[in-house]
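Here the structure comes first, spelled out in structure tokens, and everything after it is commentary.
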Amino acid sequence: MNRAVMKKTMYFFVLPALIFYLLFWIIPILKLFQYSVTDYNGYVQSFNYIGFDNFKTLAHEEILGVSIKNTLLYTFISVILGNIIALALAFLLNANIRAKGLYRSAFYIPTLFSAIVVGFIWSYIYMPDEGLIASLLNKLGITGIDTNFLGSYDKSLYSIIAVDIWKNIGTSTIIFLAGLQTVPHDLIEAGKIDGAGRWNLVRYIKIPLLATSVTINVTLSVINGLKAFDYSYIMTNGGPGTSTNTLIFAIYKMAFTEQLFGKASALGIISFAIIIVITAAFVLTLNRKEVSA
């Protein structure tokens with residue numbers, strides 16, 4: 001009898017979380033779909049339903065293609081380069097070196113800062129004449145290098161990608177490091193007995209056993225890259241021109257600067273679909289490889 005009562009009353013503990021989930025997640029998503037087919041400006045509650053005109057307008061505008069291209073490039077570089085560097089650092093920090101704990105802490109520290117703090121710090125580092133990079137180059141006697149990283153159309157996107165990688169490298173390294181520490185020592189010893197060198201041990205034993213860590217890191221990196229917004233907003237405000245316009249930044253600018261909430265909602269749905277498709281494709285592919293490994 002008590003068990004039956006407990007089972008019924010336990011549902012009441014779920015209600016607060018369910019209410020918050022409905023209010024702050026499900027309902028906003030449904031409203032997003034509603035606003036995407038209207039001319040809603042974000043302020044006046046009376047709006048007209050215009051069908052798929054917002055989607056048609058976006059399809060003929062340059063901002064959609066530029067934002068998708070920048071976002072995909074941002075994601076590709078941050079996933080590949082970020083995880084390669086993190087994996088190399090994990091192998092280095094897993095080796096028998098002095099002050100290993102100190103180095104692990106040092107690489108993880110950037111992840112503790114907020115994106116706003118990191119963005120402002122790196123904005124000063126990237127300053128053309130008096131920034132840290134420009135000052136170091138001057139002291140080394142290296143001249144003729146354009147240090148206007150954030151003001152250059154060709155360099156700005158890669159500059160903020162570098163900041164993103166620097167900020168998140170600690171998390172990826174820790175995940176890889178945790179995976180390396182679960183590799184059975186017996187397998188390593190067996191490989192050494194069979195004559196496997198250091199590279200073969202890494203390639204045929206350690207890396208295949210890191211499949212789960214690779215899946216986690218790649219998935220997190222893909223999601224982080226596809227929803228990139230912070231550094232485009234803090235460091236470059238989407239510029240110069242549209243060079244650092246990502247999908248999420250374009251949605252923000254369209255909604256809160258241009259007051260085109262209906263159009264921004266349509267772009268939000270397009271972004272949502274792109275993120276879901278790409279993330280699902282990555283996760284399914286990595287899970288298959290993880291099972292086969």
Side-chain angles (χ1 to χ4, degrees), residues 66 69-177 180 198-199 202 217 220-221 224-225 228-246 248-249:
V66 170
K69 184 194 75 172
N70 289 342
T71 302
L72 293 179
L73 184 60
Y74 193 113
T75 304
F76 179 78
I77 295 176
S78 59
V79 169
I80 301 298
L81 195 58
N83 282 286
I84 289 175
I85 295 173
L87 185 60
L89 287 174
F91 277 112
L92 180 64
L93 296 175
N94 195 50
N96 292 321
I97 56 176
R98 296 180 62 183
K100 186 161 52 177
L102 177 63
Y103 293 133
R104 290 177 181 178
S105 301
F107 282 111
Y108 190 74
I109 285 175
T111 64
L112 303 177
F113 296 105
S114 69
I116 295 175
V117 173
V118 171
F120 277 116
I121 290 172
W122 277 90
S123 293
Y124 284 105
I125 292 173
Y126 280 144
M127 284 179 67
D129 299 320
E130 299 178 356
L132 179 62
I133 296 175
S135 299
L136 286 175
L137 290 175
N138 288 332
K139 287 186 177 181
L140 293 172
I142 300 174
T143 58
I145 296 177
D146 182 15
T147 56
N148 189 16
F149 298 102
L150 299 180
S152 169
Y153 192 92
D154 296 325
K155 298 177 184 177
S156 54
L157 182 63
Y158 302 103
S159 299
I160 65 172
I161 292 173
V163 175
D164 196 333
I165 292 173
W166 179 83
K167 165 75 166 64
N168 296 303
I169 200 76
T171 302
S172 301
T173 301
I174 291 298
I175 293 172
F176 280 133
L177 192 58
L180 282 173
R198 183 176 297 179
W199 167 244
V202 170
N217 273 335
L220 292 176
S221 300
N224 181 67
F229 167 78
D230 299 330
Y231 305 114
S232 294
Y233 174 72
I234 298 164
M235 301 177 68
T236 61
N237 197 31
T242 57
S243 60
T244 56
N245 253 285
T246 60
I248 306 302
F249 180 83

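Given the structure is predicted, the values throughout are model-derived calculations rather than measurements.
Separation of atoms CG (L157) and OG (S232) is listed at 7.0 Å; rounding is to 0.5 Å. If you take CZ on F107 and CG on L89, they are separated by 4.5 Å, rounding to the nearest 0.5 Å. For the atom pair N138 CG and I133 CD1, the distance stands at 12.0 Å (nearest 0.5 Å). Once rounded to the nearest 0.5 Å, the distance linking CG of L93 with CG of L102 reads 10.5 Å. Atom OG of S221 is separated from atom CD1 of I77 by 13.5 Å, given to the nearest 0.5 angstrom. In this structure, OG1 on T75 lies 11.0 Å from CD1 on I80, to the nearest 0.5 angstrom.
Using a distance-only test at 3.5 Å, with no hydrogens or angles considered, no donor-acceptor pair links the side chain of T111 to the main chain of N168. A donor-acceptor pair under 3.5 Å links the side-chain atoms of T246 to the main chain of A228, judged by distance alone. Here the side chain of N94 pairs no donor or acceptor atom with the backbone of F176 at under 3.5 angstrom. A donor-acceptor distance shorter than 3.5 angstrom exists from the side chain of K167 to the backbone of F113, with no hydrogens or angles considered. At distances below 3.5 Å, not a single donor-acceptor pair connects side-chain atoms of S156 with backbone N or O atoms of L150. In this structure, the side chain of S78 engages the main chain of Y74 through a donor-acceptor pair within 3.5 Å.
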Point to revise | side chain to side chain contact (heavy atoms under 4.5 Å, CB included) evaluation trace for Y108 with T171 | key: CA-CA 7 Å; Y108 190 74; T171 302; 4.2 Å; yes
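Each ring-ring contact (aromatic ring centres under 6.0 Å, His included) pair with one or both residues in residues 126-157, not counting sequence neighbours, appears once here: W122-Y126, Y126-F149.
Residues Y158 and L73 meet the side-chain proximity criterion, which asks for heavy atoms closer than 4.5 Å. Taking 4.5 Å as the limit, every side-chain heavy atom of I161 sits out of range of all side-chain heavy atoms of L81. Residues I160 and D164 are not in side-chain contact: their nearest non-hydrogen atoms beyond the backbone lie 4.5 Å or more apart. Here the side chains of F91 and L180 are in contact, with some heavy-atom distance below 4.5 Å. With a 4.5 Å cut-off on side-chain heavy atoms, F249 and T244 do not count as touching. Residues Y233 and I248 have side chains not in contact (no heavy-atom distance under 4.5 Å, counting atoms from C-beta outward). Contact annotation: the side chain of L220 never approaches that of N224 to less than 4.5 Å [non-hydrogen atoms, C-beta and beyond].
The number of heavy-atom neighbours closer than 6.0 Å to CG of L136, taken from other residues, nucleotides and ligands shown, is above 12.
For the pair M235 and G119, the tightest heavy-atom approach, listed with the atom from each and the gap, is CG-O, 3.6 Å.
In this view, S135 satisfies the side-chain contact (heavy atoms from CB on, under 4.5 Å) rule with no residue, not counting sequence neighbours.
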